[in-house]
Amino acid sequence: MSSLSLPIETDRLVLRTFERSDIDDLCAYHMLPTMQRYVFSRTRDEAEVACALAIMRNHVSLQRPGDTLTLAMVRKGDKILIGHVSLNWSDATAGQGEVRFCINPSYSGQGFAKEALGALLDLAFDHFRIHRIFARCDGRSHHSIKLMQQMGMRLEAHYREHALFQGEWDEELHFAILDREWQRSAKVKELPLRHRVA
Amino acid sequence: MAFVLPQEPVLRLRQPLRKLLEGQENAMALYPTYPLHTERLTLRPFTRGDVDGVFAYRRLDEVARYLFDHPLSREECALAVQQRITQIGLAEVDDKIILAVELSETGALIGEVSLIWRSVEARQGEVGWIFDPGYQGKGFATEAANFMLDLAFGPGDMHRVSARCDVRNEASWRLMERLGMRREAHFREHAIFKSSWDEEYIYAILWQEWRRLRHPQEEIS
Ligand SMILES: CC(C)(COP(=O)(O)OP(=O)(O)OC[C@H]1O[C@@H](n2cnc3c(N)ncnc32)[C@H](O)[C@@H]1OP(=O)(O)O)[C@@H](O)C(=O)NCCC(=O)NCCS
């Protein structure tokens with residue numbers, strides 16, 4: 001694959017790889033219990049966040065299946081790290097990728113996640129030539145559900161009690177989008193929150 | 001997808017099923033005592049004598065169409081039967097019970113049903129089926145699969161049982177709906193299957209849903 005040119009600029013954000021000095025801003029949201037779901041390693045204290053940061057600092061490109069690219073979302077004006085998005089190249093033969101995202105709740109509700117995820121999907125489809133991108137989320141995470149619908153992603157799966165998470169029955173949704181379905185300026189689609197699969 | 005109630009009468013376990021290794025923490029093993037009987041069928045472990053019976057349907061294109069396997073040769077059937085002979089109990093994750101389904105009246109081998117232990121901790125199982133086309137359309141697959149659900153939720157103590165199939169395999173997902181399973185997933189182009197894009201359904205049923213089907217009168221909290 002052709003070389004990746006980073007950082008990526010969006011309207012209000014700079015998306016760049018993680019740096020050692022990101023630890024404080026990362027601690028501000030990564031330790032929250034609600035963040036522990038699709039993280040690369042569990043983080044309950046600063047030392048564990050440092051481990052997670054070390055992992056994410058290595059997520060700099062997609063060379064082979066299994067690789068992950070993780071980009072910090074940095075606000076243009078004040079240079080504050082407000083969250084991150086990542087793209088995992090899960091399967092080469094079928095061109096599959098998974099996106100994940102975390103945002104500091106203090107900065108949510110302003111469209112930053114949508115902006116970052118939009119740039120990540122552009123990258124996935126245009127640069128990495130991925131065929132299908134999927135994302136998982138907690139069935140109770142209404143912000144994430146809304147975000148994925150806004151991205152134009154389809155609800156593909158709604159698992160009920162298929163696993164245990166933190167000692168309780170879990171509910172998980174999968175959303176997906178194919179390369180031919182992705183539109184750069186995806187129109188905001190207001191779908192009902194729990195519409196049926198298929 | 002509407003929640004479909006099965007039309008058939010409720011299946012009852014005729015045979016007491018034994019749980020070995022009871023009382024172990026978390027891990028519950030399932031070793032049914034064979035043969036098992038339903039109204040019209042006998043479910044039993046495969047034996048070496050089943051190779052020709054299996055070959056009779058596993059060699060067919062129409063049977064293999066939505067299976068991961070291509071149509072099998074007789075040698076491949078012998079190998080498949082060999083593997084199945086010991087797949088009769090669940091002791092740890094990914095173990096499978098794959099049973100030969102016989103028509104009780106004639107003793108003819110008409111297909112197989114399976115139950116896989118997908119997660120011990122979360123008590124998850126997966127069911128599957130392959131039947132001889134000569135014996136399809138008579139509710140035999142439904143009868144055998146219902147019994148596997150009873151095995152999974154009863155003595156197997158499972159919490160959720162799922163099944164998957166190609167979207168085009170209407171016979172299979174209609175069977176899932178007859179069993180009272182709900183469609184939980186519809187994946188599009190998420191993988192390659194036999195050189196083209198795969199499109200797949202996943203259906204599932206929870207313990208409490210199965211209970212309600214078998215005991216419609218009782219209120220379960
Ligand atoms: C999937 C498969 C097992 C389904 O078999 P099947 O014969 O359609 O299923 P059943 O035995 O439950 O029979 C149901 C049919 O018999 C009819 N039937 C007749 N008597 C019945 C009875 N007592 N109870 C229920 N159904 C009855 C039903 O109306 C139904 O027919 P319909 O589909 O025309 O409405 C079979 O098609 C198969 O083996 N396919 C090839 C292998 C395969 O693809 N396996 C699954 C991979 S995911």
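Lettering follows sequence order; numbering is per chain, from 1.
- Note that CD1 of A/Ile133 is 15.0 Å distant from NE2 of B/His190, once rounded to the nearest 0.5 Å.
- Rounding to the nearest 0.5 Å gives a distance of 13.5 Å between NE2 of A/His162 and CZ of B/Arg118.
- Between B/Phe187 and A/Tyr159, the two ring planes are tilted [angle within 30° to 60°].
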* Asked: Can B/Arg160 and A/Trp169 be said to form a side-chain contact (heavy atoms from CB on, under 4.5 Å), step by step?
  -> CA-CA 11 Å; B/Arg160 174 177 167 276; A/Trp169 286 119; over 6 Å; no
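- Contact tally against chain B (heavy-atom pairs below 4.5 Å) for A/Asp91, A/Leu178, A/Thr93: the top residue is A/Leu178.
- When all heavy atoms of A/Ala94 and B/Ala191 are compared, the closest pair comes out as CB-CA, 3.6 Å.
- For B/His159, the part sitting under 4.5 Å from any heavy atom of chain A is the side chain, from C-beta outward, and nothing else.
- Within the 4.5 angstrom heavy-atom criterion, only side-chain atoms of B/Leu206, from C-beta onward, approach chain A.
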* Asked: Between A/Arg160 and B/Glu184, does a side-chain contact (heavy atoms from CB on, under 4.5 Å) hold up when you go through it step by step?
  -> CA-CA 8 Å; A/Arg160 291 177 51 206; B/Glu184 286 201 340; 3.8 Å; yes
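- Atom CD of B/Glu189 is separated from atom CD of A/Glu181 by 8.0 Å, given to the nearest 0.5 angstrom.
- The two residues A/Ala163 and B/Ala122 come nearest to each other via the heavy atoms CA-CB, 3.7 Å.
- Surrounding CD of A/Glu46 are at most 12 heavy atoms belonging to other residues, nucleotides or ligands under 6.0 Å away.
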Could you list the donor-acceptor pairs under 3.5 angstrom formed between side-chain atoms of residues 88-101 of chain B and any protein atom two or more places apart in sequence or on another chain?
| from | atom 1 | to | atom 2 | distance (Å) |
| --- | --- | --- | --- | --- |
| B/Asp95 | OD2 | B/Ala91 | N | 2.9 |
| B/Asp95 | OD2 | B/Glu92 | N | 2.9 |

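- With B/Gln124 contributing its side chain and A/Glu161 its backbone, the two residues share a donor-acceptor pair below 3.5 Å.
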